[in-house]
Amino acid sequence: MNIDQLIEELKSKLKTIITKSYKDIKPELEKDLNAFLEASREKLERWIFLLSTGDITEEELEWLLKSQLDLVALQALQTTGISKVKLNALKNNILKTIFKIILELIIPVV
């Protein structure tokens, strides 16, 4: 799977989760997620390649994703008046979801 397909798959799966869990802020959240994925594209590509070749472990990938937490700006959400605690929880959920999706796409389920 190339990076374009992976990014599209991430967007699709995240959009599904957003629709189910965050209906009230979906448009803002979707816009922010797309911006984050595009800004992180090169890093995601490199990390996915390293994971697929065995040069980094799942734990290292998870740590690298968590290092991107501040890049998940969620600017549009901040303007909706969402609390900082809820915003941070949402950021963590987004990164956990991205991690899970990458693992599902890279490591086939047996």
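In this chain, numbering begins with 1 at the start of the sequence shown.
Between atom CD of residue Glu42 and atom CG of residue Leu44 there is a gap of 10.5 Å, rounded to the nearest 0.5 Å. Rounding to the nearest 0.5 Å places CG of Leu14 at 11.0 Å from CG of Asn93. If you take CD1 on Ile102 and NZ on Lys13, they are separated by 12.0 Å, rounding to the nearest 0.5 Å. Interatomic distance, Phe99 CZ to Glu58 CD, rounded to the nearest 0.5 Å: 5.5 Å. The distance from atom CG of Leu51 to atom CD1 of Ile56, rounded to the nearest 0.5 Å, is 5.5 Å. One distance of note links CG of Leu65 with CD of Glu62; it measures 8.0 Å at 0.5 Å rounding.
Counting only distance, with no hydrogens or angles, the side chain of Thr53 and the backbone of Phe49 share a donor-acceptor pair below 3.5 Å. In this structure, the side chain of Ser67 engages the main chain of Leu64 through a donor-acceptor pair within 3.5 Å.
By the 4.5 Å heavy-atom criterion applied to side chains, Glu38 and Asn34 are not counted as neighbours. Leu10 is not listed as a side-chain neighbour of Leu33, based on a closest heavy-atom distance of 4.5 Å or more.
Residue-environment remark: NZ (Lys11) exceeds the threshold of 12 foreign heavy atoms within 6.0 Å.
With sequence neighbours left out, the side-chain contact (heavy atoms from CB on, under 4.5 Å) criterion links Gln68 to Phe36, Ser40, Lys43, Trp47, Leu71.
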